[in-house]
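Every chain is numbered from 1, with letters handed out A, B, ... down the list of sequences. Keep in mind that this is a model prediction, so the values were computed, not measured.
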Amino acid sequence: MRRDCDPGRRPLCWAVMDRAPAVKVPDPVRRAVRRRLLPWFAENARDLPWRRRRTPYRVWVAEIMLQQTRADQALPYYRRFLRRFPSMKSLAVAPLDDVLKMWEGLGYYRRARNLHRAARMVRERPGGRFPDTLEGIRALPGVGAYTAAAVASLAFNLDAAVVDGNVRRVVCRLLGRTLTARELEAASERLLVRGRAGEYNEAVMELGALVCTPAAPACDACPMRSACAAYRSGDPHTLPEKARRGKKPHRKVAAGVVFNGRGEVLIAQRNPDDMLGGLWEFPGGCIESGETAAEALTRELREELGMEVCSEGLLITVRHAYSHFSIEMEVHLASRVNRAPPRPLQCAAARWVPVDRLRGYAFSRADLQVIEALECRQAPVSGEGTTAAGSR
DNA sequence: AATTCGTGGAT
DNA sequence: TATCCAAGAAT
């Protein structure tokens, strides 16, 4: 592709260029970044914990946590995470289950697993030191182009420009059209204030988060207004053009709270590379066509855990939306029909746990609803004939 | 290159 | 209620 592109000549079509497509970035825009945006940021930057004491470790954890996650959602997680794992070493030596527990409810759990793995990789480096080059940072698991540039600029003051959702929106509006990913890289590189890359990166993202928002940008409060092509055009909210997504499929799922007669319930750990990998769950699975929830439950526990169980009735129906599909989960109380112990045939592990110890394990949001239902079902009843385990 | 990864707030 | 989409990465 790149063979016949002489960089010294202007190609007829930018699309054939592999690198550095020429994006016209007007001087007034570049000037406005230095004269307006950076002062605005100095004045209006939120006081966020990861902006204090910018060690590579603290910056890196924040950037992983902030992937596809708003600052206000990440905030309480960041505080707890740094309290529990204040250093690279404390994270590296911790069990993965502890890391996932700290991540519980935040989503995209692969981030937590990669974070843990990367911490152990950093410990193996010479001196156990965090990589201090763009390529070295990029090589850590869970670190892509964005995060590498963010850590490089914020923790090491390297001249690397980030492109995230904010940058995309802000730059497309400044230039008045929807840019391709490659054009965005080139444009952000041109806009970057050399020697102040971290400040520039955060300023653009802060503007996107606080002022240049997707639906209703607050142009009246925008320091870049005079240099913004989309503002002049009159309808800045229409940029960048968005590709519409398809509808999410809906699945019906069955899950079981299986009691063993000693007040303990069965939980299973999901395989590391699956969705919600490493999290614990109440075992179950998809309801096939023509199947009842109770039948699906019996089948799934036979397949996943080699157990024979029988539904004792509905506990709760949980509706939940994941990133790319939604579920309606019928959660049944269930009991064993024999003494066969659970074997982790299609999961990572299985364990009997007292209900009041469930909170020590990491679950997804959907299963946390189940735990709530279990807890408020147990507490008030106390004396009466216990559970569906029904000793017999 | 298009999918697959969570969750919650805004609209 | 339904849809969008956020400091993206991995495959």
Side-chain angles (χ1 to χ4, degrees), chain A residues 1 41 45-46 48-51 58-78 100 103-115 117-118 137-155 160-170 180-182 184-185 188 198 200-210 212-218 237 240-250 270-279 281 319-327 362-369:
Chain A
M1 265 328 172
F41 180 60
R46 288 169 291 180
L48 299 167
W50 48 86
R51 290 178 174 168
R58 290 171 55 85
V59 169
W60 167 59
V61 170
E63 291 305 334
I64 300 296
M65 202 169 272
L66 288 165
Q67 289 169 4
Q68 296 288 285
T69 306
R70 296 174 198 281
D72 53 0
Q73 190 189 356
L75 195 51
Y77 283 89
Y78 186 79
L100 287 170
W103 212 268
E104 181 184 63
L106 193 53
Y108 288 134
Y109 299 94
R110 186 175 300 275
R111 293 183 296 176
R113 298 197 305 278
N114 281 334
L115 200 64
R117 188 154 66 93
I137 300 167
R138 174 71 180 77
L140 296 173
V143 175
Y146 163 80
T147 304
V151 174
S153 63
L154 292 166
V162 302
V163 178
D164 76 328
N166 291 305
V167 173
R168 168 174 151 81
R169 191 170 55 256
V170 169
T180 67
R182 206 178 295 282
L184 277 165
E185 282 178 40
S188 193
Y200 158 79
N201 283 330
E202 275 198 305
V204 181
M205 292 191 285
E206 195 81 339
L207 188 74
L210 300 181
C212 195
T213 55
H237 65 280
E241 296 164 346
K242 44 200 150 193
R244 38 198 154 291
R245 316 170 177 185
K247 301 192 211 329
K248 296 182 184 184
H250 186 80
R270 297 177 61 89
N271 288 319
D273 291 327
D274 290 353
M275 174 177 160
L276 308 176
L279 297 192
E281 67 178 2
R319 275 167 251 279
H320 187 75
Y322 293 108
S323 51
H324 57 297
F325 67 95
S326 58
I327 61 166
F363 289 89
S364 75
R365 280 294 187 218
D367 280 345
L368 287 174
Q369 287 188 52

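The aromatic ring centres of A/Tyr322 and A/His320 sit less than 6.0 Å apart.
Among the nucleotides C/dG8, B/dG6, C/dA7, the one closest to the side chain of A/Tyr322 is B/dG6.
At the phosphate of B/dT7, OP1 or OP2 sits under 4.0 Å from a side-chain N or O atom of A/Tyr109. For A/Arg111, no side-chain nitrogen or oxygen approaches OP1 or OP2 of B/dG6 to under 4.0 Å. Between A/Lys247 and C/dA2 there is no side-chain polar atom (N or O) within less than 4.0 angstrom of OP1 or OP2. A/Gln68 has a side-chain polar atom (N or O) that falls below the 4.0 Å cut-off from OP1 or OP2 of C/dG8. Taking 4.0 angstrom as the limit, A/Ser364 places none of its side-chain polar atoms (N or O) nearer than this to OP1 or OP2 of B/dG6. In this structure, A/His320 reaches the B/dT7 phosphate: one of its side-chain N or O atoms is under 4.0 Å from OP1 or OP2. Proximity of A/Arg365 to the phosphate of B/dG8: a side-chain N or O atom is located under 4.0 Å from OP1 or OP2. The side chain of A/His324 places an N or O atom within less than 4.0 Å of a non-bridging phosphate oxygen (OP1 or OP2) of B/dC5.
With hydrogens and angles ignored, no donor-acceptor pair closer than 3.5 Å exists between the side chain of A/Tyr146 and the base of C/dG8. Between the side chain of A/Thr69 and the base of C/dG8 there is no donor-acceptor pair of N/O atoms closer than 3.5 Å.
Base contact: A/Ala321 has a heavy atom under 4.0 Å from a base atom. Contacts of A/Leu106 with the nucleic acid, taken as non-hydrogen atoms under 4.0 Å apart, include base atoms.
Position along DNA chain C of the nearest nucleotide to A/Pro141 versus A/Met205 favours A/Met205 as the more 5'-ward residue. In terms of position along DNA chain C, the nucleotide closest to A/Glu63 lies nearer the 5' end than the nucleotide closest to the other residue of the pair A/Glu63 and A/Asn114.
When the C1' atom of B/dT7 is taken as reference, atom CD of A/Glu104 falls 13 Å away, rounded to whole Å.
With A/Ser153 contributing its side chain and A/Ala150 its backbone, the two residues share a donor-acceptor pair below 3.5 Å.
Spacing between C/dT1 and B/dG8 at atom C1', rounded to whole Å, works out to 16 Å. Look at the P atom in both C/dA7 and B/dT4: the space between them is 24 Å, to the nearest Å.
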Evaluate the side-chain contact (heavy atoms from CB on, under 4.5 Å) criterion for residues A/Val143 and A/Trp60: first the C-alpha distance (whole Å), next the side-chain angles of each, then the deciding distance (0.1 Å), finally the verdict. CA-CA 9 Å; A/Val143 175; A/Trp60 167 59; 3.9 Å; yes
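If you take CG on A/Asp164 and CG on A/Leu184, they are separated by 10.0 Å, rounding to the nearest 0.5 Å.
No side-chain donor from either of A/Arg111 and A/Asn114 sits under 3.5 Å from a side-chain acceptor of the other.
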